[in-house]
Undergrad: 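Before anything else, here's the structure in question.
Residue numbering restarts at 1 for every chain, and letters A, B, ... go by the order of the sequence lines.
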Amino acid sequence: MFKTHSCGELRPENVGQEVTLAGWVNRRRDHGGLVFIVLRDRAGLTQIVSSPEAAPEAHEAAATVRGEYVIQVRGVVRLRPEEQVNPDWATGAIEVEAREVRILNLSQTPPFYIYEDSAVDEGLRLRYRYLDLRRSRMQRNILLRHRTVKFIRDFMDAHGFVEIETPFLFKSTPEGARDYLVPSRVHPGKFYALPQSPQQLKQLLMVAGYERYYQIARCFRDEDLRGDRQPEFTQLDFEMSFVERDDILDLVEVLFTELVAAVTPQKRVLSPFPRLSYAEALERYGSDKPDLRFGMELGDLTAVLSTSEFRVFRAAIEEGGQIKGIVAPGCADYARRQLDELTALAQKQGARGLVTLAFRADGVKGPAVKFLTESELAVIAQHLGAGEGDLVCIVADAKPVVAGALSALRLAFRDQLQLADPDLLAFGYVLDFPMFEWNEEGQRWDAAHHPFTMPRPNTYAAMMADPTAVLSDAYDLVCNGYELASGSIRVHDPRIQMDIFRVLGYPEEEARARFGHMMEAFSYGAPPHGGMAPGIDRTVMLLAGENNIREVIAFPKTAQAVDLMADAPSPVDQKQLDELHLKLSESE
RNA sequence: GGGGGCGUAGUGUAGUGGUUAACAUGUCGGCCUGUCAAGCCGAAGACCGCGGGUUCAAGUCCCGUCGCUCCCGCCA
């Protein structure tokens, strides 16, 4: 071993011991006659001091080291003088007096600071990710991720789940996200697909009788990226037999509550997790993944303004839309520019405009005031609970547009007014999603969750007549405005499954071609079952207080899906293409 | 596919169309025996992402392009 101790563990009780440490040179302070080296390893920092009196050769070597050199130091632990104790360090009470300094490896000057978490262009961090991962922010996040996954594995094991691996090379299905395809060398013209999730496989494991399966599963989706979306990401994928929805929700609630207490005890959670229907989430927050850390709920003014003469309101009502508003507390003094930004934000969500009313001491101000009666203004204030000093934002438009615009405004105010407690993890469940969504482009019904989702029993009867009336037994876990997990109770009755395929427009033959293996498996005694798949990256991101999953992934890709360090994707040799029976088209 | 933001020494930033592009930090050299953001002295280091255009004159204005990023579409 190159070391007897880590750089994080020496304490006053070790004084007098001869120890050997090894690590990276964090910083060096050369006083000529006296050299201080801050040595760093994964466990922490320890100050090394060398002087010509104590060990002339060690001192000579110490004077030549530079930042990020890898060195080994043999020396004696000493107490620091009382006034020189560094209270910010775990090892701040001691130092190691060098007897021997061995340079194990040199280092170029790094392209950015390793010893402090100063801002650096993210492209540069990603190109030198191995250096970025040395910095304390990334070390903290990666170790937190480890502790999170470790906790989850222990928890799942303790609750009777079996970890089972499923293949990466699987079958492409036209539903859902775009697949990453892998060409087959052995079968010219045929392709595997990397799994978007192990959905089908985990259901087959239920048919196989494992009853409780889980996996820390990598998933692949070839869609455009966001701060919370990478082309490959990790889920806690699990499935349970002989359970109903609430069995799964209760289990996941315990899992996340205990996880937070174990790995980030400084964070708080709501208890119990609020459970809202999809309809209620949209009604109150305008979103199916609401940030529940703060109020500012949407107020519905459609009924109370039904007789308004204001053209904007009348148009919305006549077109079957809605008039809804939110109250931004203390924002009545917003400048013209700020109001323009709010309007632009609403318009980006498809709204035709935004009605702003500033409730000031000298009256209500806003471009629309002259079109509204005194009593209408009073009704708006009373209905939304707006008082002096507040800014009311109203959107009158089609229902989804109103929800989208006000939800975006609500989140903008959250950030501007710092309404959300950063130490609160407001988990909540969204339930009773619609079973089907109308696909305008394809002129057909799509499964809102996926085609194996069980309809809510009391809504199933209407399925063939009116797909919009069918709710599904699907559920999402949300937290602080992010969708953290999706899941559902699955269909285990082949007759219901065929009905669903009929609504989706798959004739029996096509359904068998696409999902024949599933249909067949389900004919051999499929138990009632359901599951869920919480995203590990987003979970760790929230635990770490980051707002980007790249910060909790060791080697992430850029927003353009590029690995800047390895330079992937990259061209391949003609020979490789030939083996795979691939021919590039002219335009490439 | 569409829209916004950013791009200036290694890093982080400043820079009214007008001399030799500034500051901090880092790097290198010298001095220095109690520092911990060590200090003091000195030096090197950027043709301003790239290409084109406007202009007597472009880091600055315009167009294009590349990269990073955020958002919309997309993500069963």
Side-chain angles (χ1 to χ4, degrees), chain A residues 26-39 45-54 59 63 66-68 78 80-89 91-92 95 97 108-128 131 173-179 196-197 199-200 219-231 233 341 344-345 347-350 404-405 408 411-412 433 435-437 439-442 445-453 472 474 483 486 488 500 504 514-515 533 535 547-548 550 557-560 562 564:
Chain A
N26 199 54
R27 309 205 69 164
R28 151 190 82 95
R29 290 181 287 275
D30 188 343
H31 289 225
L34 199 62
V35 175
F36 297 95
I37 294 171
V38 178
L39 194 64
L45 302 171
T46 298
Q47 173 163 286
I48 311 295
V49 58
S50 90
S51 66
E53 295 84 24
H59 186 70
R66 293 294 183 269
E68 300 309 311
R78 282 199 330 204
R80 295 196 196 186
E82 199 171 333
E83 67 278 11
Q84 286 170 16
V85 166
N86 187 337
D88 298 333
W89 291 14
T91 63
E95 63 191 2
E97 186 186 77
Q108 293 190 286
T109 301
F112 47 80
Y113 304 108
I114 306 297
Y115 55 80
E116 65 177 27
D117 284 319
S118 50
V120 179
D121 175 73
E122 200 179 345
L124 197 67
R125 291 176 57 200
L126 292 174
R127 191 149 88 246
Y128 298 95
L131 295 179
T173 52
E175 288 72 27
R178 203 175 287 118
D179 283 321
Q196 298 172 26
S197 79
Q199 182 60 41
Q200 296 185 22
C219 305
F220 304 86
R221 296 180 188 175
D222 187 4
E223 296 292 346
D224 286 345
L225 278 53
R226 289 284 189 284
D228 61 350
R229 276 163 33 186
Q230 283 272 306
F233 60 100
E341 282 172 9
L345 186 58
Q347 285 173 334
K348 203 163 150 187
Q349 301 296 321
L411 296 181
F433 282 80
M435 182 80 192
F436 302 102
E437 284 171 352
N439 181 323
E440 192 62 41
E441 193 185 333
W445 293 101
D446 283 345
H449 186 57
H450 58 63
F452 309 110
T453 304
S472 72
E483 179 194 311
S486 271
S488 63
I500 292 170
L504 296 175
R514 289 185 182 182
F515 303 111
N547 54 15
N548 177 326
R550 292 186 302 272
K557 291 174 181 58
T558 69
Q560 306 306 318
V562 168
L564 290 176

Undergrad: Please state the C1' separation for the pair B/G39 and B/U65 - nearest whole angstrom.
TA: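 One C1' to the other, the span is 48 Å.
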Undergrad: Do A/Y115 and B/G26 have a side chain to base donor-acceptor pair shorter than 3.5 Å?
TA: no
Undergrad: I'd like the P distance from B/C40 over to B/G26, given in whole Å.
TA: 11 Å
Undergrad: Check the phosphate of B/A38 against A/R29, side-chain N and O only, distance under 4.0 Å to OP1 or OP2. Yes or no?
TA: yes
Undergrad: So, is A/N548 close to the B/C70 phosphate, meaning a side-chain N or O under 4.0 Å from OP1 or OP2?
TA: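 For B/C70, OP1 or OP2 has a side-chain N or O of A/N548 closer than 4.0 Å.
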Undergrad: Considering every strand and a 4.0 Å limit on heavy-atom distances, what is the contact class for A/D222: base, sugar-phosphate, or nothing?
TA: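 Since no nucleic acid heavy atom lies under 4.0 Å of A/D222, the category is nothing.
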Undergrad: NA contact type, A/S486, heavy-atom cut-off 4.0 Å: base, sugar-phosphate, or nothing?
TA: nothing
Undergrad: I'd like to check A/T173 versus A/Q200 (side-chain heavy atoms, cut-off strictly below 4.5 Å). Are they in contact?
TA: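 In contact.
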Undergrad: Rounded to whole angstroms, how far apart are NZ on A/K557 and P on B/G67?
TA: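 Computing the A/K557:NZ to B/G67:P distance gives 17 Å.
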Undergrad: Does the A/E223 side chain pair with the main chain of A/R178, one donor and one acceptor, at a distance under 3.5 Å?
TA: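 Checking the backbone N and O of A/R178 against the side chain of A/E223, a donor-acceptor pair under 3.5 Å is found.
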Undergrad: Base, sugar-phosphate or nothing for A/G227? Non-hydrogen atoms, less than 4.0 Å.
TA: sugar-phosphate
Undergrad: Within the modelled atom types, does a donor on one side and an acceptor on the other bring the side chain of A/R78 and the base of B/G34 under 3.5 Å apart?
TA: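 Pair found.
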Undergrad: Out of curiosity, A/N26 CG to A/I48 CD1, how far, rounded to the nearest 0.5 Å?
TA: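 Between A/N26 CG and A/I48 CD1, I get 11.5 Å after rounding to 0.5 Å.
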Undergrad: Does the side-chain ring of A/F36 lie flat on the base of B/U35, meaning centres under 5.5 Å and planes less than 30 degrees apart?
TA: yes
Undergrad: For the base of B/C74, is there a side-chain donor-acceptor partner from A/R229 under 3.5 Å away?
TA: yes
Undergrad: Give none if B/G12 has no partner; otherwise give the nucleotide forming a Watson-Crick or G-U wobble pair with it, both distances under 3.5 Å.
TA: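 With both distances under 3.5 Å, B/G12 matches B/C23.
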Undergrad: In the strands shown, is B/G73 matched to any nucleotide by a Watson-Crick or G-U wobble pair with both distances under 3.5 Å, and which?
TA: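 No nucleotide pairs with B/G73.
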Undergrad: Could you check whether any side-chain N or O of A/Q196 sits under 3.5 Å from a backbone N or O of A/A177, counting only pairs where one atom can act as donor and the other as acceptor?
TA: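 Side chain of A/Q196 to backbone of A/A177, a donor-acceptor pair under 3.5 Å: yes, one is there.
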Undergrad: Could you check if a side-chain atom of A/D228 sits within less than 4.5 angstrom of a side-chain atom of A/E483, using non-hydrogen atoms only?
TA: no
Undergrad: Could you tell me whether the side chain of A/R550 reaches within less than 4.5 Å of the side chain of A/T558, counting heavy atoms only?
TA: no
Undergrad: If you check every side-chain atom of A/R80, which of B/C72, B/U35, B/C75 has the closest atom?
TA: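 From the listed options, B/U35 comes nearest.
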Undergrad: Rounded off to whole Å, could you give me the CG-to-P distance for the A/D30 and B/C28 pair?
TA: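 My rounded result for the distance is 11 Å.
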Undergrad: Keeping the roles fixed (side chain from A/T91, backbone from A/L45), state whether a donor-acceptor pair exists under 3.5 Å.
TA: yes
Undergrad: Once you apply a heavy-atom cut-off of 4.0 Å, does A/N547 come out as touching a base, just sugar-phosphate, or nothing?
TA: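 If one applies the 4.0 Å heavy-atom cut-off, A/N547 turns out to touch nothing in the nucleic acid.
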Undergrad: A/G32 and A/V35: which non-hydrogen atoms are nearest, and at how many Å?
TA: O-CG2, 4.4 Å
Undergrad: Roughly how many Å is it from CD in A/Q47 to C1' in B/G34, rounded to a whole number?
TA: 8 Å
Undergrad: With side chains defined as the heavy atoms from C-beta onward, is the minimum distance between A/Y128 and A/V120 less than 4.5 Å?
TA: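 No. Closest side-chain heavy atoms not under 4.5 Å.
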Undergrad: Hey, does A/Q199 reach any base, or is it just sugar-phosphate, or nothing, if we go heavy atoms under 4.0 Å?
TA: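 Here A/Q199 touches the bases of the nucleic acid.
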Undergrad: Take the protein atom CD of A/E341 and the nucleotide atom P of B/G5, then report the distance between them rounded to whole Å.
TA: 12 Å
Undergrad: In terms of side-chain heavy atoms of A/D224, which of B/C74, B/G10, B/U69 is nearest?
TA: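 Side chain of A/D224 sits closest to B/C74.
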Undergrad: Considering every strand shown, what is the Watson-Crick or G-U wobble mate of B/G7 when both distances are under 3.5 Å?
TA: B/C66
Undergrad: Send over the distance from A/W89 CH2 to B/U35 P, rounded to a whole Å.
TA: 14 Å
Undergrad: Which heavy atom of A/N86 sits nearest to which heavy atom of A/R80, and what is that distance?
TA: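 Where A/N86 meets A/R80 most closely, the heavy atoms are CB-NH1, 3.6 Å.
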Undergrad: Reckon A/T558 touches a base, only the sugar-phosphate, or nothing at all at heavy-atom distances under 4.0 Å?
TA: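 Sugar-phosphate contact only.
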Undergrad: Between B/G5 and B/G10, how far apart are the two P atoms, rounded to whole Å?
TA: 27 Å
Undergrad: What contact category does A/E95 fall into here, base, sugar-phosphate, or nothing, at under 4.0 angstrom with non-hydrogen atoms?
TA: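 Base: the residue A/E95, judged by heavy atoms under 4.0 Å, touches a nucleobase.
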Undergrad: Please give the distance between the C1' atoms of B/A24 and B/A46 as a whole number of Å.
TA: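 The same atom, C1', in both gives a distance of 16 Å.
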Undergrad: Would the base of B/C28 count as contacting A/R66 through its side chain, where contact means a donor and an acceptor less than 3.5 Å apart?
TA: no
Undergrad: Can you tell me the distance, in whole Å, between the CZ atom of A/R125 and the C1' atom of B/U11?
TA: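 It is 13 Å, rounded to the nearest whole Å.
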Undergrad: By centroid distance (under 5.5 Å) and plane angle (under 30°), are A/H31 and B/G34 in a stacked arrangement?
TA: no
Undergrad: Does some side-chain heavy atom of A/R221 sit less than 4.5 Å from a side-chain heavy atom of A/F233?
TA: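 Result yes, sub-4.5 Å side-chain heavy-atom pair found.
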Undergrad: Tell me what A/L564 touches on the nucleic acid: a base, only sugar-phosphate, or nothing, going by heavy atoms under 4.0 Å.
TA: sugar-phosphate
Undergrad: Under 4.0 angstrom, heavy atoms only, what part of the nucleic acid is A/Q84 near: base, sugar-phosphate, or nothing?
TA: base
Undergrad: Base of B/C36, side chain of A/N86 - is there a donor-acceptor contact under 3.5 Å?
TA: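 Between B/C36 and A/N86, which were checked side chain against base, a qualifying N/O pair under 3.5 Å is present.
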Undergrad: On a whole-Å scale, what distance lies between the P atoms belonging to B/A14 and B/C23?
TA: 15 Å
Undergrad: Got a donor-acceptor contact below 3.5 angstrom from the A/D446 side chain to the A/A448 backbone?
TA: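 Side chain of A/D446 to backbone of A/A448: no pair is present.
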Undergrad: Who does B/C56 pair with, Watson-Crick or G-U, both distances under 3.5 Å?
TA: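 With both distances under 3.5 Å, B/C56 matches B/G18.
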Undergrad: Please tabulate the protein-to-nucleotide N/O contacts below 3.5 Å involving nucleotides 40-45 of chain B, giving atom names and distances.
TA:
none

Undergrad: Given the P atoms of B/U8 and B/C61, what is the spacing between them in whole Å?
TA: 15 Å
Undergrad: Looking for any heavy atom pair under 4.0 Å, which part of the strands does A/R27 touch: base, sugar-phosphate only, or nothing?
TA: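 Sugar-phosphate contact only - A/R27 comes under 4.0 Å of backbone atoms but never of a base.
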Undergrad: Using the P atom on both, measure B/G17 against B/G12 and round to a whole Å.
TA: 25 Å
Undergrad: Calculate the interatomic distance between A/D121 atom CG and B/U11 atom C1'; express it in whole Å.
TA: 10 Å
Undergrad: Counting side-chain heavy atoms from CB outward, which of B/G34, B/C74, B/G12 is closest to A/E223?
TA: B/C74
Undergrad: Does B/G39 have a Watson-Crick or wobble partner in any strand here, with both distances under 3.5 angstrom, and which is it?
TA: B/C31
Undergrad: Distance check needed: B/C74 P versus A/Q560 CD, whole Å only.
TA: 18 Å
Undergrad: Start at the 5' end of RNA chain B and walk down; is the nucleotide closest to A/P110 or to A/R28 reached first?
TA: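 Residue closer to the 5' terminus by nearest nucleotide: A/P110.
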Undergrad: What distance, rounded to whole Å, do you find between the two P atoms, one in B/U13 and one in B/U54?
TA: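 Their P atoms lie roughly 34 Å apart.
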